[in-house]
Amino acid sequence: MQYYYLILYMLNVTKSQCLLTNIQYAIQRHYFGALAETYFDNKTREALFWKTGRIII
């Protein structure tokens with residue numbers, strides 16, 4: 001989650017989309033713990049890859 005906001009900025013995500021994503025993340029983190037963090041990290045890396053064509057490790 002360390003690059004989360006930078007990636008959202010690069011993807012031109014609106015503030016309302018960011019808020020919804022934060023709520024979804026918080027709920028999933030509450031119920032699933034570290035699995036939710038890994039899931040969101042993977043989804044943001046995937047979105048960034050499709051946007052830029054670069055792989056982020």
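Since the structure is predicted, the reported quantities are computational estimates derived from the model, not experimental observations. Heavy-atom basis, side chains included; hydrogens, waters and symmetry copies ignored.
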Worksheet, complete the sentence: Those residues at least two apart in sequence (or on a different chain) that pass side-chain contact (heavy atoms from CB on, under 4.5 Å) with Q28 are Q24, F32, A36, Y39, F40

Worksheet, complete the sentence: Residues at least two apart in sequence or cross-chain that pass side-chain contact (heavy atoms from CB on, under 4.5 Å) with I27, listed by chain then number, are I23, Y31

Discussion item. Out of the candidates N42, L35, D41, only one should pair with T38 under the side-chain contact (heavy atoms from CB on, under 4.5 Å) rule; please name it.
Written reply: N42

Item to complete: Identify the residue among E37, H30, K43 that makes a side-chain contact (heavy atoms from CB on, under 4.5 Å) with Y25.
Response: E37

